[in-house]
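Per chain, numbering begins at 1; letters A, B, ... match sequence-line order.
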There are 2 protein chains.
Amino acid sequence: MARPLASIRNPNLRESIKEAAWRQIGVSGASSLSLRSIARDLGISAPAIYNYFTDRDALVTALVLDAYLSFGDSQHAAKEKFTGEGDVAKRFMETGIAYREWAIANPHRYLLIFGTPVPGYVPPMEELQPAMMRSMGALAEVVAELHHRGMLNAGGIPLFDPEACFFPSGQCPTPDDLLIYSVSMLIWCRVHGLVSLEVTGKLPPFGPRGDALYRYELEAMLREFVIRD
Amino acid sequence: MARPLASIRNPNLRESIKEAAWRQIGVSGASSLSLRSIARDLGISAPAIYNYFTDRDALVTALVLDAYLSFGDSQHAAKEKFTGEGDVAKRFMETGIAYREWAIANPHRYLLIFGTPVPGYVPPMEELQPAMMRSMGALAEVVAELHHRGMLNAGGIPLFDPEACFFPSGQCPTPDDLLIYSVSMLIWCRVHGLVSLEVTGKLPPFGPRGDALYRYELEAMLREFVIRD
DNA sequence: AAAATAATTTTACAGTGTAAATTTACACTG
DNA sequence: CAGTGTAAATTTACACTGTAAAATTATTTT
């Protein structure tokens, strides 16, 4: 028998494959993701997956995109939690805290995006960039707001090369944008340092006090980059 | 024929295996490390490796230990570059810059230590801890010196849990040590954020200006944590 | 010289991704 | 309605992987 079951009792195989993949990743980590065991889970044959994803890498890319979506949602939701005029600093803190909380709640997803957990996988940047830009957008919007209110104190930070960075629709970024993106990137680097080490279990000494350390770092950034009152 | 060649024409197989492993890692990354292809390189059979390493994981651990050694050497060398009384800040900068330079010169080694590049490998912490402590020790010594000279301004930072942290010889750390280690850890987190993203190619916009950004971060830490003059 | 031990080999098994050929189910068209 | 074409699966096959077991050989010890 050769094409009887799958697409009938499973009308949306593409999604089911991704679900099975997440299930596996949740159990044994992204490193041990296996097309064959996904196929076993779904009661189909391994090469059948190639009808929905050209590659193992294509599947991983789809998973990364999903992860970015979920991550971006949580970032934007956090940013929109406080909508008051004077709540910019609160929005910053809220976005920052949501970053870590999402990562701790979804360690495998976090590592899939920001780590290198799948053996030979090299992420296709041009394909992932929109999703990445969107998820980073929440932070960038907060920084932009700070800048527009004249609260951004980041004159000394190095700006990145506008050539080396693909901007949406290939437009040349304004100096303001350049500043905003550079500050956002720097903040992201600091946040990522802590969170990635925590998620990979390499920050053991702090244990439950990871919260406090993380909060301290966010507040240090407020002190360094934000002019208040 | 069964035991003629290897140990005769290759008197130090254990080292040769590691060398071949590094060679492979240098070419195609740590993710595609393969005992079989190491064996092919050396003209021996794959199971022969099991005489020198109980596991693929044991081999990886040996590689990690070597990487820590090289990394620690470069850290301590940088720290001892300036020996003057008033050169503490210089020592800090030098150690920080050496951190990034070593990582960029040895990206695979860096990822082997601080990333998760080998599929199912889970690092045996108790075995790696001495090497890790030693390599982190250079930074800790700089921070300790700052503290002893009364130049450390880090009153507000959260201290980590002394229980959760294995200290050398199981001794209870003094409050001073607790502060020194906590500050060092925090500095390490920040440094690691930047460097790990740069090494994995996830910090493209800055390109050649990565230097400037990194320097800025080191100087920001001096401003934040160090009382000068 | 004989026995013991240690190093190495071959063989084997269970797993992986994926290419190729093959079979089947379904939708159209004549 | 029969026939064809296409798309979705399947089976088969290949080249890999780590590693367990058994067999073989070299060296060391008795």
Side-chain angles (χ1 to χ4, degrees), chain A residues 1-18 20-21 23-25 27-64 116-124, chain B residues 1-18 20-21 23-25 27-64 116-124:
Chain A
M1 55 213 138
R3 198 197 148 210
L5 310 164
S7 63
I8 285 172
R9 68 166 188 220
N10 203 336
N12 203 345
L13 246 188
R14 208 188 131 91
E15 283 307 309
S16 302
I17 290 169
K18 289 200 290 183
R23 223 176 300 135
Q24 264 187 44
I25 287 175
V27 175
S28 42
S31 67
S32 61
L33 201 157
S34 146
L35 294 191
R36 286 182 121 110
S37 81
I38 290 171
R40 271 194 298 274
D41 262 30
L42 299 175
I44 62 175
S45 74
I49 296 176
Y50 285 76
N51 287 307
Y52 303 93
F53 302 95
T54 66
D55 250 341
R56 188 208 55 161
D57 286 16
L59 169 59
V60 174
T61 297
L63 298 176
V64 172
T116 55
V118 180
Y121 178 71
V122 280
Chain B
M1 57 212 135
R3 198 197 150 209
L5 310 165
S7 63
I8 285 171
R9 68 166 187 219
N10 203 334
N12 203 346
L13 248 189
R14 206 188 132 92
E15 284 306 310
S16 302
I17 291 169
K18 289 201 290 183
R23 222 175 303 135
Q24 264 187 45
I25 287 175
V27 175
S28 43
S31 67
S32 60
L33 201 157
S34 146
L35 295 191
R36 286 183 121 111
S37 80
I38 290 171
R40 271 194 298 273
D41 261 30
L42 300 176
I44 60 175
S45 74
I49 297 176
Y50 285 76
N51 286 307
Y52 303 92
F53 302 95
T54 65
D55 249 343
R56 187 207 56 162
D57 284 17
L59 169 58
V60 174
T61 297
L63 298 176
V64 172
T116 56
V118 181
Y121 178 71
V122 280

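In this structure, the side chains of A/V60 and A/F53 stay at 4.5 Å or more apart for every pair of heavy atoms. Here the side chains of B/L13 and B/L42 are in contact, with some heavy-atom distance below 4.5 Å. In this structure the side chain of B/L59 never reaches within 4.5 angstrom of the side chain of B/Y52, judged on heavy atoms. Annotation: side chain of B/V64 is not in contact with side chain of B/P123 (no heavy-atom distance under 4.5 Å).
Taken to the nearest 0.5 Å, the CZ atom of A/R14 stands 12.0 Å off from the CD1 atom of A/I49. The line from NZ of A/K18 to CG of A/L63 is 7.0 Å long, rounded to the nearest 0.5 Å. Between the CD1 atom in A/I17 and the CD1 atom in A/I44 there is a gap of 5.0 Å [rounded to 0.5 Å].
Residues of residues 56-63 of chain A having a heavy atom closer than 4.0 Å to DNA chain C, listed by number: A/R56. Interface residues of residues 31-41 of chain A facing DNA chain C, ordered by number: A/L33, A/S34, A/L35, A/R36, A/S37, A/R40; criterion, heavy-atom separation under 4.0 Å.
B/N51 places its CG atom 15 Å from the P atom of D/dA21, with the value rounded to the nearest Å. Note: CG (B/L42) to P (C/dT9) measures 11 Å, nearest angstrom. For A/I49 and C/dT16, the CD1 to C1' distance is 12 Å, given to the nearest whole Å. One atom, CZ of A/R14, and another, C1' of D/dA7, lie 17 Å apart when rounded to the nearest Å. A/I44 has its CD1 atom 9 Å from the C1' atom of D/dA9, to the nearest Å. The distance from atom CG of A/L13 to atom P of D/dA8 is 10 Å, rounded to the nearest whole Å. Protein atom CG of A/D55 is 17 Å distant from nucleotide atom P of C/dT16, rounded to whole Å.
Taking a pair to require two hydrogen-bonding distances under 3.5 Å in either a Watson-Crick or a G-U wobble arrangement, C/dT29 pairs with D/dA2.
A close approach under 4.0 Å does occur between a side-chain nitrogen or oxygen of A/Y52 and OP1 or OP2 of D/dA9.
Nearest to the side chain of B/A46, among C/dT9, D/dT19, C/dA20, sits D/dT19.
Listed here is the closest heavy atom pair of B/D57 and B/G120: OD2-O, 4.4 Å.
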Residues 31-38 of chain A side chain polar contacts: donor-acceptor under 3.5 Å, at least two apart:
residue : atom : partner : partner atom : Å
A/S31   : OG   : B/P119  : O            : 2.9
A/S32   : OG   : A/S28   : O            : 3.0
A/S32   : OG   : A/S28   : OG           : 3.1
A/S32   : OG   : A/G29   : O            : 3.3
A/S34   : OG   : A/R36   : N            : 3.3
A/S34   : OG   : A/S37   : N            : 3.0
A/S37   : OG   : A/Q24   : OE1          : 2.8
A/S37   : OG   : A/Q24   : NE2          : 2.4
A/S37   : OG   : A/S34   : O            : 3.3

